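Step one of this worksheet: look at the structure below.
For the single chain, residues carry numbers from 1 onward in sequence order. Treat the numbers as computed from the prediction; the structure is a model and nothing was measured.
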Amino acid sequence: MYCTECGKALNEAGICDACEKNKTKKIIVTREKKVMGFAISFPVFIDGEKLDNLGNGKSLEKVVSPGKHVVEFRCVEKTITQEVTLDKNDTVEITCKASMGLIAAIASITDIEYK
Ligand SMILES: [Zn+2]
């Protein structure tokens with residue numbers, strides 16, 4: 001089998017490696033909206049690089065290369081690390097929820113969805 005777009009041979013999974021590399025891979029991080037209580041934002045890092053602060057009910061996204069990526073939620077009291085792999089999937093969506101500690105937000109990951 002050959003790729004209908006570029007004419008190169010497809011791999012065993014029927015995917016064209018050349019075209020797959022050019023596709024946009026994206027990591028989307030969403031924080032569930034909390035109505036009650038105060039909402040402290042906390043920074044999200046992807047591969048050690050700060051993306052932005054994630055506020056209550058907000059989303060952040062980053063275009064990434066295919067392969068493994070490390071997503072970190074750096075709360076004051078606890079850092080949550082999640083490894084994701086993007087190969088066939090164009091987008092991975094990580095949903096987290098924050099509960100408030102005495103001095104800071106503590107995040108927990110509620111859902112990871114590959115699309
Ligand atoms: Zn192709």
Once side-chain hydrogen bond (donor to acceptor under 3.5 Å, both in side chains) is applied, what residue pairs with a partner in residues 63-73 remain, sequence neighbours excluded? Asp47-His69, Glu72-Arg74

Which hydrophobic side chains are connected to Val63, either touching it within the sub-4.5 Å cutoff or through other members that do? none

My understanding is that a hydrophobic cluster links ILVMFWY residues whose side chain heavy atoms are under 4.5 Å apart, including indirect links. Using that, what else belongs to the cluster containing Ile109? Ile27, Val29, Phe42, Val44, Ile46, Leu51, Leu54, Leu60, Val64, Val71, Phe73, Ile80, Val84, Leu86, Val92, Ile94, Ile112, Tyr114

Name all pairs fulfilling the salt bridge (charged side-chain N to carboxylate O under 4.0 Å, His left out) condition that reach into residues 48-60, sequence neighbours left out, sorted by first residue then second. Glu49-Lys62

All side-chain hydrogen bond (donor to acceptor under 3.5 Å, both in side chains) counterparts of Thr91, not counting sequence neighbours: none

Remaining members of hydrophobic cluster (4.5 Å side-chain criterion), Ile15: none

Output all residues satisfying salt bridge (Lys or Arg N to Asp or Glu O under 4.0 Å) with Glu5, sequence neighbours left out; order by chain, then residue number. none

Holding to side-chain hydrogen bond (donor to acceptor under 3.5 Å, both in side chains), I want the full list of residues that pass it with Asn11, two or more places apart in sequence or in another chain. Asp17

Looking at residues at least two apart in the chain, or sitting in another chain, which of them share a side-chain hydrogen bond (donor to acceptor under 3.5 Å, both in side chains) with Glu32? Thr110

Residues that Thr79 engages under side-chain hydrogen bond (donor to acceptor under 3.5 Å, both in side chains), provided they are two or more places apart: none

Going by the rule salt bridge (Lys or Arg N to Asp or Glu O under 4.0 Å), which residues pair with Lys26 if we only count those two or more places apart in sequence or in a different chain? Glu61

Students should find that the hydrophobic cluster of Tyr2, defined by side-chain heavy atoms under 4.5 Å apart, otherwise consists of none

